[in-house]
Protein chains: 2
Amino acid sequence: MRPTVHDIAAEAGVSLATVDRVLNNRPGVRSVTRDKVERAIAALGYVRDVAAANLAKGRTYPLIFILPAGENSFMRGLEAEVRAAMARSAAERTDITILSVPAFDAPALAAALLDAREQRPAGVAVVAVEAPEVAEAVKRLREDGIAVVTLVSDLPGSERDHFAGVDNIAAGRTAGSLMGRFLGGREGPVAVLAGSMLVRDHCERLEGFRAVMSEDFPGRRILPVVEGQDNPALVETLVDTLLDKHRDLAGIYSLGAGNRGLVSALEKAGRAKAICAIAHELTPHSRAALVTGTIDALLNQNAGHEVRSAIRVLKAKADGLSVIAAQERIRIDIFLKDNLPVEQA
Amino acid sequence: MRPTVHDIAAEAGVSLATVDRVLNNRPGVRSVTRDKVERAIAALGYVRDVAAANLAKGRTYPLIFILPAGENSFMRGLEAEVRAAMARSAAERTDITILSVPAFDAPALAAALLDAREQRPAGVAVVAVEAPEVAEAVKRLREDGIAVVTLVSDLPGSERDHFAGVDNIAAGRTAGSLMGRFLGGREGPVAVLAGSMLVRDHCERLEGFRAVMSEDFPGRRILPVVEGQDNPALVETLVDTLLDKHRDLAGIYSLGAGNRGLVSALEKAGRAKAICAIAHELTPHSRAALVTGTIDALLNQNAGHEVRSAIRVLKAKADGLSVIAAQERIRIDIFLKDNLPVEQA
DNA sequence: GAATTTTTGATGTACGTAAATCAAAAATCC
DNA sequence: GGATTTTTGATTTACGTACATCAAAAATTC
């Protein structure tokens, strides 16, 4: 059987109360006694029963998630995952609130962060927009002892505790590698479609993509980036123009959202099969396009994993514990039509 | 606050003892009373506090993992993950034992299963070899009320409770898709290297690979399968022969283990860059080969996920609970040199 | 060495559930 | 309607930890 506090008390020859004082860093223990207890803990290999401890403490973690509003499928999926986590809140001793802010709007985001601060949560998870006022707001939260985790899109240089998201430079590189290889010897330039250069994840994907293209496929011409604001209608118009202007277009890398617009533009023009399209995020729309062949490969970050990781990290930080970075790393999934996960109900 | 058994008792107007009888299916409750309690549970949205319940029960789950012996890197990684789970056993209330059997040896595996049965565990996880005697042994375990999960390689048609592994047909299809696209218009046949056709996972990968090649890339010639027994030395000899015999070889799909042999044969022959190699499982060796470019793509199943899923399922089955299949689905990871996870310490 | 402060022990309650016992009440049978 | 069986209530103990209180013992100070 696994040792308990009683066993430690017996082993160390002290009372239960003293063991408790040592375990929970309560004052009033001589250092010799403390040593005795710590030796007993080490000797028996005692580990606190977290379930029993949480039960006794009855502690809960009030957390706030700040997510962009709008019809972006990925973000709505992310929100669904947060709601799923809310359903588990009883078991996980969390108390989660969702705050919605306009997409790509730094002032609104900063205001929402300060709003969140008023509620004195244990932690805040936020899909960041890169701006000084946002970084400043994050700093204020941290000063109040509120843990802050950036979600999906990071805010480097700020004082956030952790970033729960994928390595977007690697994602861009992967997209570049796939694009280069899929195109093989085929002629023609490649277009890049982003949401907004205000968010870090998009910038990084672009950086990674360009790096691989120039290193490994230097002959391929990359057209200037087009920003679609993650808005399907705008994206469709932009792609219409691209297709019209570049009759020899070989590939499109869509590194943001708004895939619906991309897909309908390609299909409308009858160039879905001819053009190699690589996009991000597995949503019902992008999934369908992958199956029909309009999209050739999808890079995905698992929103569920990201949300669960953010919660784990926030709880740990709120308790002043460190996290095992490797364990919280979010992987980049690559989906072809052949390895799509079965659709969930 | 979340409702407790006391709240249900009050709401239903019965005693705590009666609530307990209903919750734990104990006898001696009239159906009218049972209904009353169940309505109260539904009305209050009561969910059992699993942590508290486990604490009170003090239940542990004795589990046995049966793994193939030998120097197969993937299997050793799998074993390491099982050992990691053993380290967590206190927190998870499991008591895990590992049994090692020779690889691809059905009689030995069947004997090990019956051995495991003698220890009356709550559940057994096994890397299956497909043979009637193995299926028969699994049946005996199930008759004794022992939960059985196949791990990595399945045993379809047997009475196992669950398969914790990837969809290997999809994995083979994915490999085929990548191979076809990476080769593009390049000339030359493709070789296929397996471990043994005695294990289901290898058969299925081959099936998926051949299906995609004939559907999507019908012009490409696929050479007859070569079996390397997951043995690096044997694999190297076989690949030497292949390279010698087919001077125009365009690609190699290695669907089993023994990547070390494949890599050294390719590099020795100076044809590492010219031949498109797709292999399975991320190990230190295959990782290095991916970085240098000898291997072009790696398909991977995350051994840690598989082990943890197997344990969750075994615990649930031991308690007679059902599992959410979608939640236990293991994904197929695709790694290129650009999206390799950072090496862990 | 007496007074004071610090350290330690003993004990009890709480968290939410499981499981058992015994008595009381209600339903069923003849 | 009395005897019997079934159902329900009341109460207790336990799981492993947290946390509080009060008294006793030990160490420190003057």
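Below, chain A is the first sequence line, B the second, and so on; all start at residue 1.
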Got a list of side-chain donor-acceptor pairs under 3.5 Å for residues 109-120 of chain A, not counting sequence neighbours?
| residue | atom | partner | partner atom | Å |
| --- | --- | --- | --- | --- |
| A/Arg117 | NE | A/Asp144 | OD2 | 2.8 |
| A/Arg117 | NH2 | A/Asp144 | OD2 | 3.4 |
| A/Arg120 | NH2 | A/Asp144 | OD2 | 3.4 |

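- Listed by first and then second residue, the salt bridge (charged side-chain N to carboxylate O under 4.0 Å, His left out) pairs involving residues 152-166 of chain B are B/Arg142-B/Asp161, B/Asp154-B/Arg160 (not counting sequence neighbours).
- In this structure, the side chains of B/Val134 and B/Leu155 come closer than 4.5 Å at one or more pairs of heavy atoms.
- For DNA chain C, the residues of residues 2-13 of chain A within the heavy-atom distance limit of 4.0 Å (strictly under) are A/Gly13, sorted by number.
- With sequence neighbours excluded, no residue forms a salt bridge (charged side-chain N to carboxylate O under 4.0 Å, His left out) with A/Arg34.
- Closest approach of B/Leu151 and B/Phe163 over heavy atoms only: C-CE1, 4.3 Å.
- Within the 4.5 Å cutoff, the side chain of B/Asn54 has heavy atoms near those of the B/Arg93 side chain.
- Here B/Thr18 reaches the OP1 or OP2 of D/dG9: one of its side-chain N or O atoms lies under 4.0 Å away.
- Here the closest non-hydrogen pair linking B/His162 and B/Ala164 is CD2-N, 3.8 Å.
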Filtered N/O pairs between nucleotides 27-30 of chain C and protein, under 3.5 Å:
none

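- Using a 4.5 Å cut-off on side-chain heavy atoms (C-beta onward), A/Asp95 and A/Pro121 make no contact.
- Here C/dA19 presents its P atom at 14 Å from CG of B/Leu16, a figure rounded to the nearest Å.
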Check: residues 303-311 of chain A side-chain donor-acceptor pairs under 3.5 Å, at least two apart:
| residue | atom | partner | partner atom | Å |
| --- | --- | --- | --- | --- |
| A/Ser309 | OG | A/Glu328 | OE1 | 2.7 |

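- Within residues 46-63 of chain B, the residues that place at least one heavy atom under 4.0 Å from DNA chain D are, in residue-number order, B/Leu55, B/Ala56.
- Contact check of residues 19-28 of chain B against DNA chain D (heavy atom, cut-off under 4.0 Å) returns B/Arg21, B/Gly28.
- Figure legend: cation-pi geometry between B/Arg59 and B/Tyr61, with NZ or CZ positioned under 6.0 Å from the six-membered ring centre and within 45° of its axis.
- Considering only residues two or more places apart in sequence or on other chains, B/Arg83 meets the salt bridge (charged side-chain N to carboxylate O under 4.0 Å, His left out) condition with B/Glu79.
- Within the structure, the salt bridge (charged side-chain N to carboxylate O under 4.0 Å, His left out) test picks out the following pairs touching residues 5-22 of chain B (sequence neighbours left out): B/Asp20-B/Arg26.
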Restricting both atoms to N or O, compile the protein contacts to nucleotides 28-30 of chain D shorter than 3.5 Å, with distance only.
none

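- Considering only residues two or more places apart in sequence or on other chains, A/Arg48 meets the salt bridge (charged side-chain N to carboxylate O under 4.0 Å, His left out) condition with none of them.
- Using a 4.5 Å cut-off on side-chain heavy atoms (C-beta onward), B/Leu63 and B/Val124 make no contact.
- Taking 4.5 Å as the limit, every side-chain heavy atom of A/Val101 sits out of range of all side-chain heavy atoms of A/Val127.
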